[in-house]
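Scroll down for the structure; my scribbles are underneath it.
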Amino acid sequence: MKHVFYKGDDQSKPTLLLLHGTGGNEHDLVGLGKEIDGAANILSVRGNVLENGMPRFFKRLAEGVFDMEDLMLRTEELKKFLDEAADNYEFDRDNVVAIGYSNGANIAANLLFEYENVLKGAILHHPMVPRRGVELPTFTGAPVFIGAGKNDHMCPATESEELRDLLQGAGAEVELYWHSYGHQLTQDEVQAAKTWYNNNF
Ligand code: MLT
């Protein structure tokens, strides 16, 4: 997968896996990652799917309606990429924290839904529930931050709460942060995520 890797100054820190939103690329969230932890490794990836020229991490049938078969395939592809990247760049595979926005948050959530111990924790900015009616692996105590908007047309507040409940039900420690806007990522949300990160890692 197309990506950039920046080696951090402190190898005891997690490696931050950055996953952009629809129409983004591997450079978009690098500034955000550095804001969250300036000493951590950064592995920022570009989604392999194109929708009218816009990179995404998996196909969708309509806005908010996922192509489930592609979601599963792409989630597996991303997991394999992550495993290989840990070998190539020699970072600790067991210490990876994902930071995703929108479509990137959705594939990060699905990584958690699919694979045990795939991530140490995750910051999910404006995620949706990736899949329903499936048994989740156990994430005993894994810290997850969800940033949500009370007026998000893409993701109603009840869906953010549903995702929190599903993750918590499987043992994750979830913090759900609300702002009163829509799908956008605000500076206050980033600061809340940073405080949460500093408390957990
Ligand atoms: C998705 O398809 O993942 C969601 O609708 C969010 C987005 O538009 O990227």
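Counting starts at 1 for both ligands and their atoms, following the listed order.
Sorted by first and then second residue, the pairs that involve residues 6-36 and meet ring pair (Phe, Tyr, Trp, His ring centres under 6.0 Å), not counting sequence neighbours, are His20-Phe57.
Within 4.0 Å of ligand 1, protein heavy atoms come from Thr22, Arg56, Phe58, Arg60, Gly64, Phe66, Ser102, Asn103, Asn106, Met128, Met154.
Remark: Glu35 pairs with Lys194 by the salt bridge (Lys or Arg N to Asp or Glu O under 4.0 Å) rule, at least two apart or across chains. Listed by chain and number, the residues in a salt bridge (Lys or Arg N to Asp or Glu O under 4.0 Å) with Lys59 amount to none (sequence neighbours excluded).
Proximity of the aromatic rings of Tyr177 and His125 is defined here by a centroid distance below 6.0 angstrom, and this criterion is not met.
Residue Lys80 forms a salt bridge (charged side-chain N to carboxylate O under 4.0 Å, His left out) with just one option from Glu77, Glu76, Glu84, and that option is Glu76.
The closest side-chain donor-acceptor pair between Thr186 and Asp188, if any, does not fall under 3.5 angstrom.
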